[in-house]
Amino acid sequence: MTVSNETADVTDDTFLGGQLKLLQPRTGYRAGIDAVLLAAAIPCRLGQPETVLDAGCGVGTVGLSVARRCPAAKAVLVERVENLVALAKENVRRNGLSERVRVVSGDLTAAWSDMAGQGIALESFDHVAANPPFFLDGSGTLSPDSIKAGAHSMPSGDLEAWGRLLARMASASGTATIIHKAEGLPAVLAALAGRFGAFKVLPIYPRDGQAAIRVIVQCIKGSRAPLTLLPGFVLHDQGNAFTPAAQAILRDGAALRL
């Protein structure tokens with residue numbers, strides 16, 4: 001299926017300084033800085049044929065960004081919203097990454113047989129990544145756009161389900177990487193505890209001296225190593241410009257080393 005921004009209500013946006021061109025819905029949920037930071041934090045190694053799962057991929061920003069940075073990596077992108085699945089597939093095609101990136105329609109928190117039937121095996125990914133919804137249903141004002149609302153909210157207990165699915169999909173000693181609102185850190189750690197260890201927590205600050213707005217949590221399946229709280233990452237200088245470190249990631253596609 002080919003999606004054209006002339007016939008569909010989508011925009012054609014550039015990421016990584018033009019290294020990726022992505023179709024996105026004109027309204028509703030749209031990928032941005034969070035997706036690029038998450039992708040940059042996934043610790044794939046250059047030249048290594050590692051496998052990456054982008055759970056709840058939207059239009060494919062995270063998985064495609066990783067595939068662009070790591071030319072030997074292969075990625076599987078899973079999304080349950082059908083129009084986003086169509087856009088993700090078109091984004092894979094138009095960025096020339098069809099040989100290494102596959103999009104699957106499905107709900108990873110649903111019955112496992114749905115995923116197994118599409119060739120996704122348990123414990124088969126070196127790296128798993130997710131940008132799960134930020135809010136519990138009823139904890140905030142939801143968008144009238146149903147896709148955007150679903151991307152930002154979920155029923156109570158579903159973060160635990162995300163933790164289970166990431167553990168099911170990660171290989172032995174595989175990594176899981178999640179980006180979330182800073183105040184959601186306790187819930188993220190609770191969802192992953194007992195399944196992963198060697199936690200690294202990276203606070204993301206809008207500017208130096210301000211409170212963190214996001215955290216990136218990375219951990220290793222089966223590890224019992226202690227948690228490390230890392231020095232924070234600052235997005236903007238005292239004006240509105242990105243810091244050199246942020247620009248290297250957002251514009252140049254550099255890795256974010258945890």
Q.
Any carboxylate oxygen within less than 4.0 angstrom of a Lys/Arg side-chain nitrogen, looking at Arg102 and Asp54?
A. no
Q: I would like to know whether Val215 and Leu202 meet side chain to side chain contact (heavy atoms under 4.5 Å, CB included); could you show each step before the answer?
A: CA-CA 5 Å; Val215 287; Leu202 178 70; over 6 Å; no
Q: Inspect the surroundings of NZ in Lys221 and state if more than 12 heavy atoms from other residues, nucleotides or ligands are less than 6.0 Å away.
A: yes
Q) Between Leu77, Leu84, Val85, which is the residue that forms a side chain to side chain contact (heavy atoms under 4.5 Å, CB included) with Val59? A) Leu84
Q) Has the side chain of Arg94 got a donor or acceptor atom that lies under 3.5 Å from a matching backbone atom of Lys21? A) yes
Q.
For a side chain to side chain contact (heavy atoms under 4.5 Å, CB included) check, start with the C-alpha distance between Arg68 and Asn95, then their side-chain angles and the critical distance, and finish with the verdict.
A. CA-CA 9 Å; Arg68 184 63 79 208; Asn95 284 283; 3.7 Å; yes
Q) Does the side chain of Asn131 pick up a donor-acceptor pair with the side chain of Arg214 at under 3.5 Å? A) no
Q | Over all atoms of both residues, closest heavy-atom pair of His127 and Cys44 | A | NE2-CA, 3.8 Å
Q: Considering non-hydrogen atoms only, spot the tightest contact between Ala198 and Ser223 and give its length.
A: CB-OG, 3.4 Å
Q | CA sep, side-chain torsions, deciding dist, call: Phe233, Leu256, side chain to side chain contact (heavy atoms under 4.5 Å, CB included) | A | CA-CA 9 Å; Phe233 186 87; Leu256 175 56; 3.7 Å; yes
Q: Write down the atom of Leu38, the atom of Ala130, and the distance for their closest heavy-atom approach.
A: CD2-O, 3.6 Å
(Q) Within the 4.5 Å heavy-atom criterion, are Leu159 and Pro132 side-chain neighbours or not? (A) yes
Q: Only one of Asp13, Asn91, Thr11 passes side-chain hydrogen bond (donor to acceptor under 3.5 Å, both in side chains) with Gln24; say which it is.
A: Asp13
(Q) Is it the case that the side chain of Gln19 and the backbone of Asp252 share a donor-acceptor pair, with hydrogens and angles ignored and the cut-off at 3.5 Å? (A) yes
Q: For Ser171, check side chain to side chain contact (heavy atoms under 4.5 Å, CB included) against everything at least two apart and list the hits.
A: Asp126
Q: Please determine, by modelled atom types, if Ser105 and Glu82 share a side-chain donor-acceptor pair under 3.5 angstrom.
A: yes
Q | CZ-CG distance between Arg257 and Leu230, expressed to the nearest 0.5 angstrom | A | 14.0 Å
Q. Is Glu160 salt-bridged to Arg195, cutoff N-O under 4.0 Å?
A. yes
(Q) If you define the side chain from C-beta out and look only at heavy atoms, does anything of Leu53 sit under 4.5 Å from Val78? (A) yes
Q) Around atom CZ of Arg251, are there more than 12 heavy atoms of other residues, nucleotides or ligands at under 6.0 Å? A) no
Q: Could I get the full list of side chain to side chain donor-acceptor pair (under 3.5 Å) partners for Ser65, not counting sequence neighbours?
A: none
Q) Checking Gln48 side chain against Arg45 main chain: does a donor-acceptor pair fall under 3.5 Å? A) no
Q) Do the non-hydrogen side-chain atoms of Met169 and Phe125 ever get within less than 4.5 Å of each other? A) yes
